[in-house]
Undergrad: 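A single structure is presented below for examination.
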Amino acid sequence: MNLPEEIEVAAKQSYPVYLGAALEELGDYLQSLPDKIQHILVISHKKVSDLYLERLVKGLEDYRVDLLTVPEGEEEKSLERLSRLTTAALDCGADRKTLVIALGGGVIGDLAGFFASAFMRGIRFLQVPTTLLAQVDSSIGGKVAVNHPAGKNILGAFYPPLAVWTDFSTLNSLPWNEVENGLAESIKHALIDDEDLFAFFETQADSIRQRDPAIWREMVTRSTSIKIRIVSQDEREQGIRRLLNLGHTFGHALETEMNYRGVTHGQGVSIGIVAASYLANAKGSLTLTEVERIKQLLQRYDLPTSIQKQDPQTLLRRMQTDKKNQGGRKILVLPQGIGQAVVSEDCTDEEILAAWHKIIVENN
Ligand SMILES: NC(=O)c1ccc[n+]([C@@H]2O[C@H](COP(=O)([O-])OP(=O)(O)OC[C@H]3O[C@@H](n4cnc5c(N)ncnc54)[C@H](O)[C@@H]3O)[C@@H](O)[C@H]2O)c1
């Protein structure tokens, strides 16, 4: 047996993250818990459960296991879906002792986690992330949510899981466009916290693109460790955790303006990182050589560093409604060299507009 690496997330209610765990061995872990479990509800997409449920339930023979599948897509993170899950869970005889297992990417993790936080005032849940984004980012940090017509993740909670059970082998079936979403976040982690990891992304680009298992193991472990380190210091996003928003204020403006079509979240973050880098250059915390280095790295993974046919003024207005803003001021994260970042509250609209201009290419 290949023992997983265990890293504790320090929080009001701490929990372990098992990196390199095997799906089949989850049952052994559950057996070791003091509070016994009888009933398990696995929440997943059909596609993901077709791929991985059989392996997961191999270790769960001692439990009564029910599977609830949810259709794909961000729009399924909704109150309607929550209500349907509740009905289906009650039909399966779920009660306050039931354990919810979220088997999937960030959509499943956020939805199943929010369901677990509310069902009978809160039941236990465990994250089994199967996308790169979920492994390095969304399964860590305790945020769970559903969307509302007024905005993304408007209804949510901090609801730490019992544990995060990360089996790297589930990433083998992930399509490359989904890999890109996770890579954008992983590169962001390196840029804000770890210059060595940034250099690793530069030197190992070919191996990463070829999905070399040892290199992926290292990439996921190092990237996840950064997220764990940051959220362990600031569970409620009052300070250092805000650094994780690098690229997101620009990226969200772009995603909303394009109606979530034509640009994926990872692409939005990638372009957002470049815009933030130009802004950091204007503020004197990043050299142009470093901006170029960041762009080149993103391009090596086919992540975009510019966008066509957008109006900077409209995008600036979109940034006005970002939920991270405070008292009308735009809160932006700016790289400070490679491997560090700062939260800036004093960027002027002119400076932000200039950054947008840098990444928008005219389409003649
Ligand atoms: N809670 C947080 O802290 C946090 C952080 C970042 C993002 N998020 C949320 O995460 C969501 C995005 O997550 P995502 O990028 O994982 O997308 P996703 O959950 O929609 O998954 C993307 C696609 O990959 C498929 N898939 C999942 N695992 C697979 C596998 N192993 N093999 C093949 N296909 C697989 C899914 O079925 C889906 O079609 C958004 O809703 C976002 O708001 C949450």
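Every number for a ligand or one of its atoms is a count from 1 in the order of the listing. What's counted below: heavy atoms across the whole structure, side chains too, no hydrogens, waters or symmetry copies.
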Undergrad: Heavy-atom contacts under 4.0 Å between Asp110 and ligand 1: side chain, backbone, both, or neither?
TA: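 The side chain, only.
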Undergrad: Which donor-acceptor pairs under 3.5 Å do the side chains of residues 66-78 make with protein atoms, sequence neighbours left out?
TA:
unit_1: Asp66; atom_1: OD2; unit_2: His39; atom_2: NE2; d: 2.8
unit_1: Glu74; atom_1: OE2; unit_2: Asn147; atom_2: ND2; d: 2.8
unit_1: Glu76; atom_1: OE1; unit_2: Arg81; atom_2: NE; d: 2.6
unit_1: Glu76; atom_1: OE1; unit_2: Arg81; atom_2: NH2; d: 3.1
unit_1: Lys77; atom_1: NZ; unit_2: Asp110; atom_2: OD2; d: 2.9
unit_1: Lys77; atom_1: NZ; unit_2: Asn153; atom_2: OD1; d: 2.7
unit_1: Ser78; atom_1: OG; unit_2: Glu80; atom_2: OE1; d: 3.4
unit_1: Ser78; atom_1: OG; unit_2: Arg81; atom_2: N; d: 3.1

Undergrad: State whether the shortest distance between N or O atoms of Glu74 and N or O atoms of ligand 1 falls below 3.5 angstrom.
TA: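 Min N/O separation from ligand 1 is below 3.5 Å for Glu74.
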Undergrad: Take His248 and Glu185, measure what side chain to side chain donor-acceptor pair (under 3.5 Å) needs, and give me the verdict at the end.
TA: CA-CA 10 Å; His248 282 65; Glu185 303 291 356; 3.1 Å; yes
Undergrad: Any atoms of ligand 1 less than 4.0 Å from a non-hydrogen atom of Lys143? List them with their elements.
TA: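 So the answer, numbered in order with elements, is 1 (N), 3 (O).
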Undergrad: Under 4.0 Å, heavy-atom basis, I'd like to know which part of Thr130 is in contact with ligand 1: side chain, backbone, both or neither.
TA: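 The answer is both, backbone and side chain.
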Undergrad: Could you check atom 18 (P) of ligand 1 against the protein and tell me its nearest heavy-atom contact, residue, atom and distance included?
TA: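 Here the closest protein heavy atom is Val107 CG2, 3.9 Å.
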Undergrad: Applying a strict 4.0 Å limit to heavy atoms, is His265 in contact with ligand 1?
TA: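 Outside the 4.0 Å threshold, so no.
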Undergrad: Atoms of ligand 1 less than 4.0 Å from Lys47 heavy atoms?
TA: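 Under 4.0 Å from Lys47, ligand 1 has these atoms: 25 (C), 34 (N), 37 (O), 39 (O).
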Undergrad: Nearest 0.5 Å, please: how far is CZ in Phe198 from OG1 in Thr203?
TA: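 Separation between the atoms: 11.0 Å.
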Undergrad: Give yes if a backbone or side-chain nitrogen or oxygen of Val48 is under 3.5 Å from a nitrogen or oxygen of ligand 1, and no if not.
TA: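 Between Val48 and ligand 1 (N or O atoms, distance only) the closest approach is not under 3.5 Å.
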Undergrad: Do Trp176 and Asp302 touch side chain to side chain, with heavy atoms closer than 4.5 Å?
TA: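 With C-beta onward as the side chain, the pair touches.
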Undergrad: Output yes when the distance from some N or O of ligand 1 to some N or O of Gly104 is under 3.5 Å, and no in every other case.
TA: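 No - when backbone and side-chain N and O of Gly104 are compared with those of ligand 1, no distance drops under 3.5 Å.
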Undergrad: Does any N or O atom in Glu178 lie less than 3.5 angstrom from one in ligand 1, N or O only?
TA: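 In fact, backbone or side chain, Glu178 has no N or O that close.
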Undergrad: Would you say Asp137 has any N or O atom under 3.5 Å from an N or O of ligand 1, going by distance alone?
TA: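 So ligand 1 has no N or O lying under 3.5 Å from an N or O of Asp137.
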Undergrad: With a cut-off of 4.0 Å, which atoms of ligand 1 are near a heavy atom of Glu72?
TA: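 In order of numbering, the contacting atoms are 36 (C), 37 (O), 38 (C), 39 (O).
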